[in-house]
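Chain A is the first sequence line, chain B the second, and so forth, proteins listed ahead of strands; every chain is numbered from 1.
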Number of protein chains: 2
Amino acid sequence: MSTQVSEACPISEVLDHVAGKWSIGILVAAAHGPIRFTELERAVSGISRRMLTLNLRKLERDGLLVRTVHPTVPPKVEYSLTPMARELHSYLTGLVDWADRYRGAITRARAAYDGAAGPV
Amino acid sequence: MSTQVSEACPISEVLDHVAGKWSIGILVAAAHGPIRFTELERAVSGISRRMLTLNLRKLERDGLLVRTVHPTVPPKVEYSLTPMARELHSYLTGLVDWADRYRGAITRARAAYDGAAGPV
DNA sequence: CAGAATCCAAGAAGATACTG
DNA sequence: CAGTATCTTCTTGGATTCTG
């Protein structure tokens with residue numbers, strides 16, 4: 001058997017792009033409809049302009065976001081999800097929802113772990 | 001840090017731990033039942049021993065994995081999911097499934113993007 | 001077997017400044 | 001408004017070696 005496994009990028013790489021900290025925030029924020037750069041900057045809390053740009057490019061390149069430039073002054077650029085990103089979005093919200101439900105428990109688990117092991 | 005705001009860690013941080021490239025692989029591999037270190041090393045393709053250890057500690061600290069040491073010779077250590085990780089697992093498999101369905105499309109999207117923009 | 005310790009390279013990310 | 005460019009810092013991750 002010709003194990004020509006990687007005709008396409010490995011799953012782990014896809015997941016790495018799609019499930020990154022910033023990617024999830026961006027995709028979730030863009031899911032409500034077309035969203036502008038500055039709106040995204042506010043929506044994704046903690047992201048820097050640079051990181052936003054880089055992640056937008058990555059997601060656009062992967063075919064998850066569509067970038068629409070309106071040739072006006074001042075410029076207006078909108079980002080929206082492609083169909084495959086929209087499908088992804090439901091899984092992402094499940095994840096976000098889970099994180100929200102359990103972040104208290106996780107914080108407590110960390111405290112217990114650190115307390116037991118020995119924080120110096 | 002004498003932080004007053006963070007009663008619990010922000011969602012983005014939780015997601016960052018849980019949805020990392022390695023974390024997903026580890027959690028999915030451990031979902032079948034208790035799994036040993038070396039088995040994980042084989043199951044999570046591409047991971048190094050070091051990264052595996054670091055990620056196992058992180059997940060254990062977050063209360064997602066339970067580490068069981070059997071005091072035998074040679075040593076035997078098993079990892080299994082906690083209930084909250086088990087709940088997470090269903091969302092993760094959804095994600096993995098999505099990634100598998102679309103990785104071909106993503107690879108093509110990249111090629112198109114690179115081809116159009118100008119790969120120098 | 002299941003790690004821990006150390007060193008080092010590469011990439012991610014922040015700060016800041018500039019532009020069509 | 002929506003970026004780009006540059007510089008520096010911090011973190012991630014690989015390779016290797018050692019141990020109970």
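Across every non-hydrogen atom of B:Glu87 and B:Ser90, the tightest pair is O-OG, 2.9 Å. Residues A:Ala30 and A:Tyr79 approach most closely at CB-O, 4.5 Å, considering heavy atoms.
In summary, B:Arg57 and B:Glu60 engage in a salt bridge, as defined by a charged side-chain N under 4.0 Å from a carboxylate O. Between A:Asp97 and A:Arg101, at least one side-chain nitrogen of the basic residue sits less than 4.0 Å from a carboxylate oxygen of the acidic one, meeting the salt-bridge criterion. Using a 4.0 Å cut-off between a side-chain N of Lys or Arg and a carboxylate O of Asp or Glu, B:Arg110 and A:Glu13 qualify as a salt bridge.
B:Ile106 CD1 to A:Met84 CE: the interatomic distance, rounded to the nearest 0.5 Å, is 4.5 Å. Rounding to the nearest 0.5 angstrom, the gap separating the CG atom in B:Leu27 from the OH atom in B:Tyr91 is 14.5 Å.
Residues passing the side chain to side chain contact (heavy atoms under 4.5 Å, CB included) test with B:Val69, sequence neighbours excluded: B:Arg67, B:Val77. Looking at residues two or more places apart in sequence or on another chain, you find a ring pair (Phe, Tyr, Trp, His ring centres under 6.0 Å) between B:Tyr102 and B:Trp98. Considering only residues two or more places apart in sequence or on other chains, B:Glu41 meets the side chain to side chain contact (heavy atoms under 4.5 Å, CB included) condition with B:Phe37, B:Thr38, B:Arg49, B:Leu52.
You can see that DNA chain C meets the heavy atoms of chain B within a 4.0 Å-exclusive cut from C:dC1 to C:dT6, reading 5' to 3'.
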How does each nucleotide of nucleotides 1-16 of chain D score, in 5' to 3' order, for protein heavy atoms under 4.0 Å: base (B), sugar-phosphate only (S), or none (-)?
BBBB-B------BBB-
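Taken over five-pair windows at either terminus, the axes of the helix from C:dC1-D:dG20 to C:dG20-D:dC1 are inclined to one another by 60° (rounded to 10 degrees).
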